[in-house]
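What follows is a single structure, written as structure tokens, with notes after it.
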Amino acid sequence: MGCGSENSSGGVYAFDLAGTRVDPLKSSKAKAAVLLFVYSECPISNRYAPVVRRLHDKFSSKGVVFWLIYTDPKETVDGIKKHLEEYDYPCGALHDPHHELVKMTGVQVTPEAAVYDSSGELAYRGRIDDLYVDFGKKRAAASTHDLKDAIEATLAGEPLAVTRTKAIGCFIADMI
Amino acid sequence: MTPNQSLTAGFLWYGIFFGISAVPCEAGSLTFNKDVAPIIFNKCATCHRPGESAPFDLLSYEDVRKHAKQIALVTESRYMPPWLPDPGFGKFLYDRSLSDEEIQTIKEWVEEGSLEGVPSDLPPLPEWTQGWHLGTPDLVVEMTEPYTLPAEGPDEYRNFVIPVPVETTRYVRAFELRPGNKKAVHHATIGVDRSEKCRLMDEEDPGPGFDGMGKSPAASPDGHFLGWTPGKVPSMGEEDMAWQLEKGSDLVLELHMPTTGKPETVQAKIGLYFADKPPTRLPLVIGLSNKKIDIPAGEKSYLLKDHYVIPVDVEAHVVYPHAHYLGKDMKGYVILPDGEKRWLIRISDWDFNWQDEYRYSEPIHLPQGSILSLEYTYDNSAENGRNPHIPPRRVVFGPNTTDEMCDLVLQVFPMDSRDRETLANDFNQKVLYSDLAVCEFFLEKDPTDTYTLEVMANTYFQLGRPDEAIAAYEQALQIDPNLSTARSELAVLLIPKGKYEEAFNHIREAQRVKPFNAREYMYIGDALINFGGKFDEGIEYYQNALKIRPDFDQIQHKLAAVLQYQGRTREAAHIYEEMLKSNPDDENLSRRMVRIYFDTGETDKAIELLRKFLESHPGDIHTLEQMGSALMMNGKPDEGIRCFEEMVESNPDSAEAHYKLGCAYEHIKKIEKAITQFKNTLEIDPNSESARKNLDSLLDK
């Protein structure tokens, strides 16, 4: 298999809320795409909703497209709509019932983010920040802001200081 | 040994080492229905079900399979079920923890592929109580308004003041908390405030309640811890161990609320269950504590210790360890008089967010002379993921969550009330002397620390060493002349010394900085009256206090009593009348009023109050006597005498009743009848000297 943008993202789909197949990396002329894997039952994932909203507000006008990827195969369209409303998420949502996007990005937990640059290369994968040290071990406040830094560097076309981090959250592998 | 034997031996060793059963069994034999469901249903589903605290349901195979790997991980690390005490260091009720075998079962089940098993193996779900666990409470109180927790931000610790509408003192046997929104309330503690201080703190803080962990001056009532954590089932407790809830008390509910990502509304309810009688067994809260805390930035293992020799035999029922985010390994133990070491509790991975009180399965008997000991270590390095400061910085003692604390509190029951008093006094001395040592510790580091100087002054005062207290306040005021509380407290100490001019100067100066609140006026009034004999000035201070808080009943009582003592009876009567308007059913107040109306000659009003009493206490000797006297004074001798006669009819066997009727007859010159009553009195009580005297003097005439 070649390594062009066509191949690294081609043929991988999730479903939007109308049930249409969508390739989140191909469907826009974005400068960067952020895929944020979530699970409506995961308290850690939910707790980040305001952070995600702020990142969206800050970067969506600068050509960054945000997708929330719902990972639970049993999730329903109504469930996703309700969750989006409850947590006031501003971004587009996709359902990844066969974990095609999970496999493509290599994420393991919710919440975990994957940042793709304009050429479709995976620039960053991992945690949003370091608020959680472990299950049940939370800092008073985050001391690193890994996702924000990754988006900024990707937009600026600069090399990333950190490209992979370990995220803490609910295991996606459990859901299959 | 032949090679074959060696192989067998090796296999056996392998089997023992890895816990493999000697009996061969098929791989993958662990199933959800047979092996895992009993553990999950009993230990996890209490909270992991709809409407309860935990995030997702664990009620079916599908629920559990969807979180299987995570469950294996968090049970193995003992993060779940949440239970901090290390196994083997004390036995506690409501222990949520899993046994090593249970943890191993879950782990192996996941490793073997999380199989479901056959339906016939699946146990039924436990039957959980809906609504109040202990039945309908005698009284339900609720947060006066809902609180909205913001979507994000650090965990909140907030105190909500809930007035309790009880008309008389009640004895609380049990309570049950219903958090209202279990997803938002992580844990709760309840204190009782009899001082109204919390109401003031609530008024000063915008929004419902007031912020801060451990900031509330509300206390555990009568040595009882009132805590709630998810999954804890309330218990009815013992009838003879209730705690007292006085009229005018507030319950102060401190809620720990982690933000959840969306705004959450919280309005908790507390159900109270009353005992019929006052408690006969009163616990005491004693504790080990070390406030000499000054942890350098980066310190990985900072050790704090304390100990206390118990002066009487006690039974320990509950233990409550406490530290903040840097606390790591906490050991509490006791050295018994015979030298044996007995663990009170051990928590080797302290987690501030899961703090709780722990009740022993069986009370622990601690003989006189036992040495309570604590040893805690603190990790102020960057590797401590819970460290609130990145990079780490120096942390000292203090009530804020970013400060540190070191406490091991025990609820103990002494054997009798004399022992209780001995222990209370002894322990109080220990606390005061260690507080003094802490003040010296911090003043050595910073002699200009006025906060510590004020604490030191107050400690000296409580130790009955007023001269040193005065010196400490004066030192603090030299550093910062604007410390108005220090000034008013200094004034209170100067009054008993007769240094009025100096005291009044401080009072003026203090008020220039900040107007007094009602309590400050009261304390100075107290000092003027009790230690200075300056009644007029004291009365003025009480009156000023009431201008600020007209319904402060403690001051109303004091002012009325002093006015009465000073012969200003009509003014005292006016205060009681106002109080009676807002508490028409207060019997003590009404009785006091009757006495005052006798003094002021307002017998009409006395009669009116007495009539009410007689409705609720017909035949009561004392009330009928007062009624009779009031009517006679009121120019109604016939009605008056009827009351005295009724008193005897209702209490024919009471010598006192006959004697009082005799006096009344004598008063209206019905000598024959009086003689008969005095004779009746002596028949019942031949030793009644006053009846004998009255009878003799009447017969002489």
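Bear in mind that the values here come from a model prediction, so they are computed numbers and not experimental data. Residue numbers begin at 1 in each chain, while the letters A, B, ... track the order of the sequences.
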**Prompt:** Which one, B:Ala151, B:Pro263, B:Pro55, leads in non-hydrogen pairs under 4.5 Å with chain A?
**Reply:** B:Pro55
**Among B:Arg386, B:His324, B:Gln355, B:Lys328, the one residue meeting side chain to side chain contact (heavy atoms under 4.5 Å, CB included) with B:Trp350** = B:Gln355
**Message:** Is it the case that atom NZ in A:Lys31 sees more than 12 heavy atoms from other parts of the structure closer than 6.0 Å?
**Reply:** no
**Asked** In terms of ring plane angle, is the pair B:Trp109 and B:Phe32 parallel, tilted or perpendicular, where the classes change at 30° and 60°?
**Response** tilted
**Residue, of B:Leu73, B:Asp155, B:Thr260, B:Val74, that accumulates the most heavy atom pairs under 4.5 Å with chain A** = B:Thr260
**Item:** Within-4.5 Å side-chain heavy-atom neighbours: A:Met175 and A:His99
**Value:** yes
**Message:** Which label fits B:Phe352 and B:Tyr157: parallel for a plane angle under 30°, tilted from 30 to 60°, or perpendicular past 60°?
**Reply:** tilted
**Prompt:** By number, which residues in residues 387-398 of chain B have some heavy atom less than 4.5 Å away from chain A?
**Reply:** B:Pro388, B:Ile390
**Request:** Write down the atom of B:Ala184, the atom of B:Glu264, and the distance for their closest heavy-atom approach.
**Result:** CB-CB, 3.8 Å
**Contact summary for B:Pro321 and B:Ile345, nearest pair of heavy atoms** = CG-CD1, 4.0 Å
**Message:** Between A:Tyr48 and chain B, with a heavy-atom cut-off of 4.5 Å, which part of the residue counts as in contact: side chain, backbone, both or neither?
**Reply:** neither
**Request:** Using a cut-off of 6.0 Å, state whether more than 12 heavy atoms not belonging to A:Lys82 lie near its atom NZ.
**Result:** no
**Prompt:** Looking at side-chain heavy atoms only, is the closest gap between A:Glu41 and A:Cys170 below 4.5 Å?
**Reply:** no
**Message:** Using a 6.0 Å cut-off, check whether atom CD of A:Gln108 has over 12 heavy atoms from anything other than its own residue.
**Reply:** no
**Item:** Interface residues of residues 85-98 of chain A facing chain B - heavy atom cut-off under 4.5 Å
**Value:** A:Glu86, A:Tyr87
**Item:** Which atoms of B:Pro82 approach chain A - backbone, side chain, both or neither, heavy atom under 4.5 Å
**Value:** neither
**Asked** Looking at A:Ala141, A:Gly136, A:Ala173, A:Ser40, which has the largest count of heavy-atom pairs under 4.5 Å with chain B?
**Response** A:Gly136
**Message:** Can you tell me how the ring of A:Tyr39 sits relative to the ring of B:His67, calling it parallel under 30°, perpendicular over 60° and tilted otherwise?
**Reply:** parallel
**Item:** B:Ser97 to B:Arg78 - nearest heavy-atom pair and separation
**Value:** CB-NH1, 4.1 Å
**Asked** Checking heavy atoms, do the side chain of A:Asp72, its backbone, both or neither come under 4.5 Å from chain B?
**Response** side chain
